[in-house]
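Step one of this worksheet: look at the structure below.
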Amino acid sequence: MNNALYKLQTFVLFVGTVFSWTTVFSDFSHFYNIYGSVTKIAGCTIPNPVTTPCFYGALAFLIAFIWSISILSKKLKGTNIAKAQKGLRTLLIAGTIFAWSNFGFEAYKFYASSSVEKTSCSGVTTQNVFLTPCFYGSVIYLTALIVSLLIAKKTSTRA
């Protein structure tokens, strides 16, 4: 087994996990500074981070990262690695679809809005939809999926 692609996959998922949780913690801090609580959901002008796609994308990044570490650590042997990698690839496909769907919806709202002040999904003002955490997270998910597909291609040609 070529460990380089598995290490790259783990690294990309590590970057995604750090990026997404940094964004989520920043959103929680921003929310708390405005409302003095992290549990308030209703009646807020900016969304509680628990209700945003970013939070669920961050959870999926964390799960995928841990999953990738378990594959890389070789605790799973032989066919178990292939089975675990296939499961991780499925999660990455779902995560990529989820991320790009959310980004697409955010881009639609951004360009459809006639308001001068436009916001990202976390309620932060932005001037460019391509500079939002949603876009960067989508790119990282896609990168992880591509690495996962390269692993699948390399392992299927070897068998």
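This one's a predicted model, so the numbers in the text were calculated from it and none came from an experiment.
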I69 and Y6, any side-chain heavy atoms less than 4.5 Å apart: no
Sub-3.5 Å donor-acceptor pair from the side chain of S138 to the main-chain atoms of C134, do we have one? yes
Side chain proximity check, F11 to K7, heavy atoms < 4.5 angstrom: no
Which atom pair, heavy atoms only, marks the closest approach of K154 to L5? CD-CD1, 3.5 Å
Under 6.0 Å between ring centres, would you say that holds for F130 and F103? yes
Are the side chain of N48 and the backbone N or O of K40 linked by a donor-acceptor pair below 3.5 Å? yes
Would you call the rings of F14 and F65 parallel, tilted or perpendicular, where under 30° means parallel and over 60° means perpendicular? tilted
Compare all side-chain heavy atoms of V50 with those of F28 and state whether any distance is below 4.5 angstrom. yes
Atom pair CD1/CZ of I140 and F135 - distance to nearest 0.5 Å: 10.5 Å
Measure the spacing between CG of L88 and CD1 of I93 and express it to the nearest 0.5 Å. 10.0 Å
Qualifying residue, where the test is side chain to side chain contact (heavy atoms under 4.5 Å, CB included) with V12 and the options are V15, T10, L8: L8
Under 3.5 Å: donor-acceptor pair, side chain of T96, backbone of L92: yes
To the closest 0.5 Å, what do you measure between OG1 (T22) and CG (D27)? 11.0 Å
Would you call V129 and Y108 a side-chain contact if the rule is heavy atoms closer than 4.5 Å? no
Test your reading of the model: is there a side-chain donor-acceptor pair from Y141 to the backbone of Y136, 3.5 Å cut-off? no
